[in-house]
2 protein chains.
Amino acid sequence: MNEPVFFGKLPSANPIADDGDDLHFCSTCAFAPVCLPEGVDKHALRELHMLVEHVGPFRTGEAIFRTGDRFAAIYAVRGGTVQTRLVDDAGREQVLGFHLPGEVIGLNAIHPEIYPCDAIAIESTYVCRFSFPALAILAAKVPRVQQQLFRLLSADIGKATQLAGDHSADERLAAFLLDLADRYAARGFSDRRFHLTMTRVDIANYLRFAAETVSRVLRRFQDRQLVLITGREVELLDLSALRRLARNISRR
Amino acid sequence: MNEPVFFGKLPSANPIADDGDDLHFCSTCAFAPVCLPEGVDKHALRELHMLVEHVGPFRTGEAIFRTGDRFAAIYAVRGGTVQTRLVDDAGREQVLGFHLPGEVIGLNAIHPEIYPCDAIAIESTYVCRFSFPALAILAAKVPRVQQQLFRLLSADIGKATQLAGDHSADERLAAFLLDLADRYAARGFSDRRFHLTMTRVDIANYLRFAAETVSRVLRRFQDRQLVLITGREVELLDLSALRRLARNISRR
DNA sequence: CGGCGGCTTGAAGGACGTCAAGATTAGTGG
DNA sequence: CCACTAATCTTGACGTCCTTCAAGCCGCCG
């Protein structure tokens, strides 16, 4: 497990996922399900590879896309972390999500045909660019690609819905930590110890409360032996208690 | 304008939208954009018609689908109102949305492959059923159908995102009223006077606050001459003031 | 007429936000 | 390696918006 590398401090310490080859994508990629099953048309798969562009690195604060840019592509995060956020008319920011390697951003731009939010790298970040018109054409030819696109879109509705529930700060933060743990685990990292790549302010904004509340709730969790926090290093000590706290937030 | 009919009280008073014919769907339907433009393959269009099943009526409280049902179809509301809601582990309800004629429900079930929420008729309701496997096959053949599905899915992400913002009760309720007004207007009804088909409790639950708060905010709006409320009849008096209140909730 | 669900209104309490001050960490240049 | 500065984070005190609890009202249907 390359955890130690992940926890390092140099930019190179958040490695790019494996590159894959002509027939296999980066194994953590959201499009991996398209490639893994047997019997996929190898020619079509090669086409999928053809239309991917590797882009990066983006430095902290740099934008993959910005609100109002014309929609032309969706992006899969290859390494690093991307934050999506929107700025309302009053100038207040609203963090919509943190996107880890393998996750796809930009799907919410298909309908408006412009990106409805900013996508900002919050550490050194690499992405794969999928031209959407090209992808749509491929989807019409390869059922599995179409199906995967439908699934990714549908899953995003579910994610957005989760955030919309009205829940206490404890519930939300417990769910947030468990969600991150699950997603890291799905990528082969530890599901108990991980590094927060985002600031408290960003977490607070994402969960819709004040930065101070993040500090206070984390302290409460720590006092109750649920977690161990050292700066941005997190260790989950009592998963079942955390799950009990988060249980009211429908997950999946 | 068939507003008077819409405001009537008999079950028959919420009429089914026009039925369309072989080449044109009900004009308010979410799939109308597929049919309206010139040059659409008429044979394919007929196929789309073939796979639609008209279902109903559902009486108040009856379910179009329920949480955990295996996903097989999406539905367009043809007449009436559908409420989607989920029940969390603690047994508390959460209203996800109110769906008016022409709007599509069930898209969030594609990924989990089971419906992640209940869809309940809150008045006498008719729907169109689209078998999803059949629709996916058609989408691969007819680019416009695929595109429309992508758009509907993407738009739903946006809608879910809106609800997720943290906003004051005034902001949320103003946005809610304006949103309803827009949607009724898009269906040919008045954008200033309409009938709330849902209870205060449901509105409150949808907006993530207590039922009492709905009453209090509506009263405040009325005292400030922004709206006129008579039971469930609503008249918007000062649209620009309401828009100013709601302005921080990103719309589209 | 009586009962019940839906709605309104008031009073009290609580969860979280805001403000302010300090502590800790990270980043930078000497 | 250290000094200095800025950013991030923590903690406390206080205020506020909204919830909760409780009571009463309205309209509808049996």
Side-chain angles (χ1 to χ4, degrees), chain A residues 7-11 13 59-61 81 83 90 92-95 122-124 165-177 195-223 227-234 245 248, chain B residues 8-11 13 59-61 81 83 90 92-95 120 122-123 165-174 176-177 195-223 227-234 245 248:
Chain A
F7 280 123
K9 290 185 171 184
L10 298 170
R59 284 322 206 129
T60 302
T81 310
Q83 182 187 86
R92 288 179 309 194
E93 281 186 20
Q94 190 89 256
V95 174
I122 59 172
E123 58 178 334
S124 191
D166 72 330
H167 299 287
S168 71
D170 285 26
E171 283 175 322
R172 291 178 100 89
L173 194 49
F176 175 72
L177 292 174
H195 177 81
L196 297 172
T197 55
M198 65 297 284
T199 68
R200 300 282 195 274
V201 172
D202 287 342
I203 295 173
N205 195 321
Y206 173 66
L207 297 176
R208 277 64 175 146
F209 42 66
E212 292 89 333
T213 303
V214 176
S215 280
R216 286 189 254 261
V217 174
L218 285 179
R219 161 135 303 282
R220 224 177 299 150
F221 283 2
Q222 187 145 333
D223 291 347
V227 300
L228 195 71
I229 310 284
T230 318
R232 292 197 186 173
E233 301 304 321
V234 176
L245 270 174
N248 292 330
Chain B
K9 291 184 174 185
L10 298 170
R59 283 321 205 127
T60 303
T81 310
Q83 181 189 84
R92 287 178 309 193
E93 282 186 17
Q94 190 88 254
V95 174
I120 310 291
I122 60 172
E123 59 177 333
D166 72 329
H167 300 286
S168 72
D170 286 24
E171 283 175 321
R172 291 178 101 90
L173 195 49
F176 175 71
L177 293 174
H195 176 81
L196 297 173
T197 56
M198 64 297 284
T199 68
R200 301 283 195 273
V201 172
D202 287 341
I203 296 174
N205 195 320
Y206 173 66
L207 298 176
R208 279 58 175 150
F209 42 67
E212 292 89 333
T213 304
V214 176
S215 279
R216 285 190 253 263
V217 174
L218 285 179
R219 163 135 301 283
R220 223 177 299 150
F221 283 2
Q222 188 145 333
D223 290 348
V227 301
L228 196 70
I229 311 283
T230 319
R232 293 198 184 171
E233 302 303 321
V234 176
L245 270 174
N248 292 328

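Just so you know, these numbers use all the heavy atoms, side chains as well, and skip hydrogens, waters and symmetry mates. Order of the sequence lines fixes the chain letters, A, B, ..., with proteins taken first and strands second; residue numbering starts at 1 for each chain.
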Whole-Å distance separating the CD atom of A/Glu123 from the P atom of D/dT8:
15 Å
A/Arg232: partners by salt bridge (charged side-chain N to carboxylate O under 4.0 Å, His left out), with sequence neighbours left out
none
Listed partners of B/Asp170 passing salt bridge (charged side-chain N to carboxylate O under 4.0 Å, His left out), at least two apart:
B/Arg220, B/Arg224
Calculate the interatomic distance between A/Met198 atom CE and D/dC9 atom P; express it in whole Å.
11 Å
Atom CG of B/Leu218 to atom P of C/dC7: distance rounded to whole Å?
10 Å
Pairs in or reaching into residues 196-208 of chain B: which pass salt bridge (Lys or Arg N to Asp or Glu O under 4.0 Å), with residues at least two apart or in two chains?
none
Could you tell me which residues satisfy side chain to side chain donor-acceptor pair (under 3.5 Å) with A/Thr81, sequence neighbours excluded, listed by chain and number?
A/Glu123, A/Thr197
Quick one: bend of the helix from C/dC1-D/dG30 to C/dG30-D/dC1 from 5 pairs per end, to 10°?
40°
Indicate whether OP1 or OP2 belonging to C/dC7 is found under 4.0 Å from a side-chain N or O atom of B/Arg232.
yes
Considering just the side-chain nitrogens and oxygens of B/Arg219, establish if one lies under 4.0 Å of OP1 or OP2 belonging to C/dT8.
no
What one-letter contact string describes nucleotides 13-25 of chain C from 5' to 3', where B marks a base within less than 4.0 Å of any protein heavy atom, S marks contact via sugar-phosphate atoms alone, and - marks no contact?
---SSBBB-----
Could you state the atom-to-atom distance from CG of A/Leu196 to P of C/dA26 in whole Å?
13 Å
Nearest-Å distance for atom pair CZ/C1', residues A/Arg200 and C/dA26:
14 Å
Side-chain touch A/Arg219/A/Ile229, heavy atoms, less than 4.5 angstrom:
no
Partner set under salt bridge (charged side-chain N to carboxylate O under 4.0 Å, His left out) for B/Glu93, not counting sequence neighbours:
B/Arg85
Whole Å only: how far is the CG atom of B/Asn205 from the C1' atom of D/dT20?
16 Å
Quick one: list whatever passes side-chain contact (heavy atoms from CB on, under 4.5 Å) with A/Leu228, sequence neighbours left out.
A/Gln222, A/Glu235, A/Leu237
Sub-4.5 Å side-chain heavy-atom contact between A/Leu173 and A/Ile203
yes
Rounded off to whole Å, could you give me the CZ-to-P distance for the B/Phe221 and C/dT8 pair?
14 Å
Tell me the interatomic distance from B/Gln222, atom CD, to C/dT8, atom C1', rounded to whole angstroms.
12 Å
A/Phe209: ring pair (Phe, Tyr, Trp, His ring centres under 6.0 Å) partners, not counting sequence neighbours:
none
